[in-house]
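Each chain gets a letter, A, B and so on, in the order its sequence line appears, and its residues count up from 1.
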Protein chains: 2
Amino acid sequence: MSGERTMRRMSQESGKRRRPERRVSGQVQREVMQLILDRRLRAGAPLPTEIELMETLGVSRNSVREALKALQALDIVEIRHGYGTYVGQASLTPLVDGLTFRTLARHDGDGAALAEILQVREVLEVGLIRRVAAVLSDAELDRLESVVTRMEEAGRAGRRFPELDREFHEALYGPLGNALVPQLLGAFWTVFRRVSGARGWHDDPAPELTARRHRDIVTALRAHDVESAQRALAVHFRGIEARAAQESRGVG
Amino acid sequence: MSGERTMRRMSQESGKRRRPERRVSGQVQREVMQLILDRRLRAGAPLPTEIELMETLGVSRNSVREALKALQALDIVEIRHGYGTYVGQASLTPLVDGLTFRTLARHDGDGAALAEILQVREVLEVGLIRRVAAVLSDAELDRLESVVTRMEEAGRAGRRFPELDREFHEALYGPLGNALVPQLLGAFWTVFRRVSGARGWHDDPAPELTARRHRDIVTALRAHDVESAQRALAVHFRGIEARAAQESRGVG
DNA sequence: ACCTATTTGTGCGTATGTATA
DNA sequence: TTATACATACGCACAAATAGG
């Protein structure tokens, strides 16, 4: 076919060009979500192409793309350039993004927003460790201990170990069988890290002490001493709060 | 200034139409977020128009709109048709949407995903009520009691009171001073309601009993009996779980 | 290694709805 | 009522990425 731009598209004559259907914004998003639910599409399953969606839903490609972008932000769909669109994991990344933004936007200086997140984390962990203690197997305790050992090694070498810290808390609450818990705690953990980084805070100034706090938790769990475990956990959080408070004073 | 739209901007002739600059997807979103942070824009503050954004960021209108749609899904911006774009509340609505979708998508039948959400709610509330009990004023207790009284009135009339239930839990944890807590609990509450509704579950079959559970909580708090309050709260959750389990059996 | 078809990404022009003045 | 400014929607053309022949 010739590269002709063809006519500037009648516009005026033959007029009317069917009206835009006045679709409420967000309608397409809901329709795509409903399509996934109706077809029982699992995470990773391919979605119809944009062309198919615009035909199925009777909207333009731009509208389809805007809806898909919104769903992508919610991790409900995953878009791969030049390949296709797929059902997403519906993870808690939107929560991470939203909480990070709002914590940074609330330029309170004294880190009150971070303290709120820490409080929620602490209440959750202290409450959950009681239930975890009842179901932890020896193998799972061994795994926790191996993480702590690696922490101690890193601490002696003066290195920090943020990944080990995250791994510890995930391994601690994984055995609960509640998939939401590790994701939620991980989300709060990530928000804390990102905000700390964005504010230029220093890393853990006493990694050896941090490693010991975790050792105390495992020791208490081995002894099936729930109260001790809760106390050790609380002490751990006091340490985090103290660091955050110090940094806030230093910067604010 | 003349309203001249000026030249139609060469497009066809003078060829080549400057290359798209290979902008990674999501880049524009981050730039808009950074713009809000840099300019210290508060929630409700107006954002630059789409035209200004496309000029500032050097991208097309479509790219700007897709980025704004994604940010709207995260409640980071709020778009008002024909009016303008504003900084959003950064609420937890993305969490609600994501959790609702993922709970509905996980067609497990036995409502395991809902049980996970309930467990998180319970751990949070039981853990927090200890801290709340220490700061609750008489006026706040009166407010809680008035909600319970309205529950009882509704219960005697055989009416349900989902809004009062939500109001109770918000009034209970509001005095903590942690703005994240009521939003988080409210998010879980909303997800539970939406999923229940989508699955066609019945409403509370025994509203009078539910009202009494709440009365028990207030009574314990008035007596400064934290353990009793925690027990009453746990009993309340046992009731919710029982209803959910019954509905799951009935439907699944 | 090259080509091609498919699919998503980007840019542009334009018509229309909506709110404000 | 009119005018203006803005967001919303549609359609098209082309760029870029990916998979497969």
Side-chain angles (χ1 to χ4, degrees), chain A residues 1-29 31-32 46-73 77-88, chain B residues 1-29 31-32 46-72 77-86 88:
Chain A
M1 63 292 293
S2 68
E4 275 309 321
R5 239 329 178 276
T6 52
M7 27 75 226
R8 241 343 1 149
R9 197 149 66 281
M10 17 94 200
S11 288
Q12 355 263 55
E13 64 266 351
S14 131
K16 257 56 253 230
R17 152 203 237 165
R18 64 189 161 298
R19 60 222 166 291
E21 285 291 343
R22 199 86 308 275
R23 242 186 235 271
V24 199
S25 186
Q27 177 77 18
V28 183
Q29 296 174 32
E31 288 176 347
V32 173
L47 248 63
T49 68
E50 296 179 349
I51 306 287
E52 290 174 317
L53 282 177
M54 58 184 278
E55 290 167 350
T56 302
L57 305 179
V59 296
S60 76
R61 185 161 168 237
N62 277 345
S63 300
V64 169
R65 287 185 53 76
E66 287 173 7
L68 290 179
K69 281 288 185 180
L71 293 176
Q72 182 186 39
V77 308
E78 181 188 349
I79 305 176
R80 299 184 206 167
H81 187 169
Y83 193 44
T85 307
Y86 298 81
V87 179
Chain B
M1 65 309 276
S2 69
E4 277 310 322
R5 240 330 176 264
T6 53
M7 30 73 221
R8 258 307 46 120
R9 200 131 78 279
M10 17 63 199
S11 287
Q12 358 255 57
E13 61 267 347
S14 131
K16 257 43 262 219
R17 134 203 251 169
R18 60 189 163 295
R19 60 223 167 289
E21 285 289 345
R22 193 79 307 274
R23 229 178 251 268
V24 204
S25 184
Q27 178 77 16
V28 182
Q29 295 174 31
E31 288 177 346
V32 173
L47 248 63
T49 68
E50 296 181 349
I51 306 282
E52 289 172 318
L53 282 176
M54 58 185 280
E55 289 169 351
T56 301
L57 305 179
V59 295
S60 77
R61 188 183 211 107
N62 275 344
S63 302
V64 169
R65 287 185 53 76
E66 287 174 5
L68 290 180
K69 281 288 185 179
L71 292 176
Q72 183 186 37
V77 309
E78 182 187 350
I79 304 176
R80 298 184 207 167
H81 187 160
Y83 193 45
T85 307
Y86 298 81

| task | Could you tell me which residues satisfy salt bridge (Lys or Arg N to Asp or Glu O under 4.0 Å) with Glu50(B), sequence neighbours excluded, listed by chain and number? | result | Arg61(B), Arg65(B)
| Any donor-acceptor N/O pair under 3.5 Å between dG11(D) base and Asn62(A) side chain | yes
| request: Go through the structure and list residues passing side-chain contact (heavy atoms from CB on, under 4.5 Å) with Ser60(B), not counting sequence neighbours. | output: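 Here the qualifying residues are Asn62(B), Ser63(B).
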| Thr49(B): side-chain contact (heavy atoms from CB on, under 4.5 Å) partners, not counting sequence neighbours |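 Thr49(B) satisfies side-chain contact (heavy atoms from CB on, under 4.5 Å) with Ile51(B), Glu52(B) only.
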| message | Holding to side-chain hydrogen bond (donor to acceptor under 3.5 Å, both in side chains), I want the full list of residues that pass it with Thr85(A), two or more places apart in sequence or in another chain. | response |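 Partners of Thr85(A) by the side-chain hydrogen bond (donor to acceptor under 3.5 Å, both in side chains) criterion come out as none, since no residue qualifies.
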| Just to confirm, is there a sub-4.0 Å distance from OP1 or OP2 of dG11(C) to any side-chain nitrogen or oxygen of Ser63(B)? |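 Yes, within the criterion.
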| message | Taking 4.0 Å as the cut-off, does a side-chain nitrogen or oxygen of Ser60(B) come that near to OP1 or OP2 on dT10(C)? | response | no
| task | Report the residue from Leu68(B), Leu71(B), Leu57(B), Leu53(B) that forms a side chain to side chain contact (heavy atoms under 4.5 Å, CB included) with Val28(B). | result | Leu57(B)
Could you go over nucleotides 4-8 of chain C and give all protein N or O partners under 3.5 Å, atom names and distances?
{"unit_1": "dT8(C)", "atom_1": "OP1", "unit_2": "Thr85(A)", "atom_2": "OG1", "d": "3.1"}
{"unit_1": "dT8(C)", "atom_1": "OP2", "unit_2": "Glu50(A)", "atom_2": "N", "d": "3.1"}
{"unit_1": "dT8(C)", "atom_1": "O4'", "unit_2": "Gly82(A)", "atom_2": "N", "d": "3.3"}
{"unit_1": "dT8(C)", "atom_1": "O2", "unit_2": "His81(A)", "atom_2": "NE2", "d": "3.2"}

| query | For Gln27(A) and dT8(D), what is the distance between atoms CD and P respectively, to the nearest whole Å? | reply |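 After rounding, the gap between these two atoms is 15 Å.
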| CE of Met54(B) versus P of dT10(C): gap in Å, rounded? | 14 Å
| task | Enter the distance from Gln72(B):CD to Tyr86(B):OH here, rounded to the nearest 0.5 Å. | result | 13.5 Å
